[in-house]
Amino acid sequence: MNLSYNENQQMIAEMVRDFGAKTIKPDMMKWDETQEFPVHVFKQLGELGLMGVLVPQEYGGSGFGYVEYVTAIAELAKIDGSIGLSMAAHNSLCTGHILQSGTEQQKKKWLPKLASAEWIGAWGLTEPNTGSDAGNMRTVAVRDGDHWVLNGAKNFITHGKSSNIAVVIARTGGVGDSHGMTAFVIEKPTEGFSAGRKEDKLGMRASETTELIFEDCRVPHENILGEVGEGFIQSMKVLDGGRISIAALSLGIAQGAYEAALAYSKERQQFNKPISQFQGIAFKLADMATEIEAAGLLTYRAAAMKDRGENVNKESAMAKLYASEVCVRAANEGVQIFGGYGYTKDYPAEKYYRDSKLCTIGEGTSEIQKLVISRAVLK
Ligand SMILES: Cc1cc2nc3c(=O)[nH]c(=O)nc-3n(C[C@H](O)[C@H](O)[C@H](O)COP(=O)(O)OP(=O)(O)OC[C@H]3O[C@@H](n4cnc5c(N)ncnc54)[C@H](O)[C@@H]3O)c2cc1C
């Protein structure tokens with residue numbers, strides 16, 4: 001979609017389209033089939049400045065804002081949602097948390113490596129028994145001199161295995177106490193820190209998703225982000241930004257599904273005319289186009305507000321909720337417009353359909369977005 005791209009957005013969009021055509025499109029179905037996480041693609045995205053989009057230039061990043069960030073993710077996701085998802089997790093979760101809460105020394109130490117993609121970053125909040133209810137996490141960190149000792153496990157962590165560094169939230173206080181959790185930066189290798197099982201997923205298959213395991217894992221006190229006890233509050237702020245990235249991901253997948261369906265509807269003939277000339281199909285395309293535009297408006301509004309330093313708690317949740325539900329609907333209608341061919345791997349519709357569903361789940365489900373929005377409107 002093109003909501004009047006500014007010069008930087010135009011440049012990013014052209015760069016991503018060009019890169020996607022040369023580097024992603026030729027192999028993306030192979031990665032999807034084999035669940036390969038193509039690390040080399042992210043190294044190249046680093047060279048293009050897309051692994052440190054929001055990182056100021058003084059720390060080796062591109063120094064762009066959320067508006068440009070949304071454009072980069074949406075354009076990537078239009079090609080392959082998996083690459084968009086991993087790029088988003090690296091940028092706004094791991095890197096974003098260090099950028100948001102790190103000291104000057106910590107930023108100088110880690111951000112240049114992350115922004116260049118010399119290192120890939122992961123972010124661990126979710127646990128096997130606590131997803132939406134992350135505040136009830138069980139992974140514990142206990143102080144031992146100038147170190148903390150972590151025990152427990154995280155799951156569903158994007159590139160948990162292939163990453164070189166992770167921001168991990170662990171319990172340092174009582175269960176259920178929102179001030180009882182702390183954010184730790186853990187470099188690899190660190191003894192007692194390993195990746196566990198890799199998930200075999202419905203979609204987003206080139207984006208690696210694994211467990212993280214902590215067995216008496218010793219982390220220096222100096223690797224804490226902010227203060228002890230701030231980890232949960234920090235994470236909720238990180239997610240306010242992260243949700244804009246999932247809205248962007250949704251937008252890109254929806255737009256890709258729509259454009260593929262639109263083109264096919266003009267080519268496919270039934271009853272001696274293109275199927276686009278049947279009102280039943282044309283109205284589907286009208287709904288898709290309208291909803292995608294509306295999702296774009298919500299997403300870019302949240303991005304612009306974030307760039308102005310405003311509180312986006314409600315607006316990012318609204319953008320994420322609406323764009324992700326639109327994404328699933330558009331991908332579903334995309335398959336329908338392709339008919340039987342939409343159900344095969346010969347056309348892109350089935351992949352958009354599989355990838356789309358993650359958007360209503362990751363970084364807070366649609367139900368959790370409604371919780372956030374309703375709390376804001378009832379305040
Ligand atoms: C591909 C993928 C990548 C991911 N990457 C990361 C990552 O990098 N880092 C990370 O920390 N996490 C990651 N996640 C985890 C993701 O954020 C969680 O899956 C998500 O927050 C939902 O948690 P859950 O899966 O435990 O579901 P649950 O919390 O068990 O929810 C199950 C159902 O109950 C509903 N529900 C729960 N509570 C309520 C409520 N109060 N009111 C109404 N309904 C409710 C939910 O909406 C959902 O429909 C990833 C997940 C996936 C699938």
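Hydrogens, waters and symmetry mates play no part in the numbers below; they use all other heavy atoms, side chains included. In listed order, ligands and their atoms are each counted from 1.
Under the 4.0 Å criterion applied to side-chain N and carboxylate O atoms, Glu310 and Arg308 are assigned as salt-bridge partners. Using a cutoff of 4.0 Å between basic side-chain nitrogens and carboxylate oxygens, Glu33 and Lys30 are not scored as salt-bridged.
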Enumerate, atom names and distances included, each donor-acceptor pair closer than 3.5 Å involving a side-chain atom of residues 182-192, sequence neighbours excluded.
unit_1: Thr182; atom_1: OG1; unit_2: Thr172; atom_2: OG1; d: 2.6
unit_1: Thr182; atom_1: OG1; unit_2: Gly229; atom_2: N; d: 2.8
unit_1: Glu187; atom_1: OE2; unit_2: Trp110; atom_2: NE1; d: 2.8
unit_1: Lys188; atom_1: NZ; unit_2: Gly160; atom_2: O; d: 2.6
unit_1: Lys188; atom_1: NZ; unit_2: Lys161; atom_2: O; d: 3.0
unit_1: Lys188; atom_1: NZ; unit_2: Ser163; atom_2: O; d: 2.9
unit_1: Lys188; atom_1: NZ; unit_2: Ser163; atom_2: OG; d: 3.3
unit_1: Thr190; atom_1: OG1; unit_2: Glu187; atom_2: O; d: 2.4

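Judged by distance alone, the side chains of Glu325 and Ser366 do bring a donor and an acceptor atom under 3.5 Å apart.
Enumerated by chain and number, the residues approaching ligand 1 to less than 4.0 Å through a heavy atom are Trp123, Gly124, Leu125, Thr126, Gly131, Ser132, Phe156, Ile157, Thr158, Lys201, Thr209, Leu358, Ile361, Glu363, Gly364, Thr365, Glu367, Ile368.
Here Lys237 pairs with nothing under the side-chain hydrogen bond (donor to acceptor under 3.5 Å, both in side chains) rule; sequence neighbours left out. Every residue two or more places apart in sequence or in another chain that forms a side-chain hydrogen bond (donor to acceptor under 3.5 Å, both in side chains) with Asn136 is listed here: Asp133.
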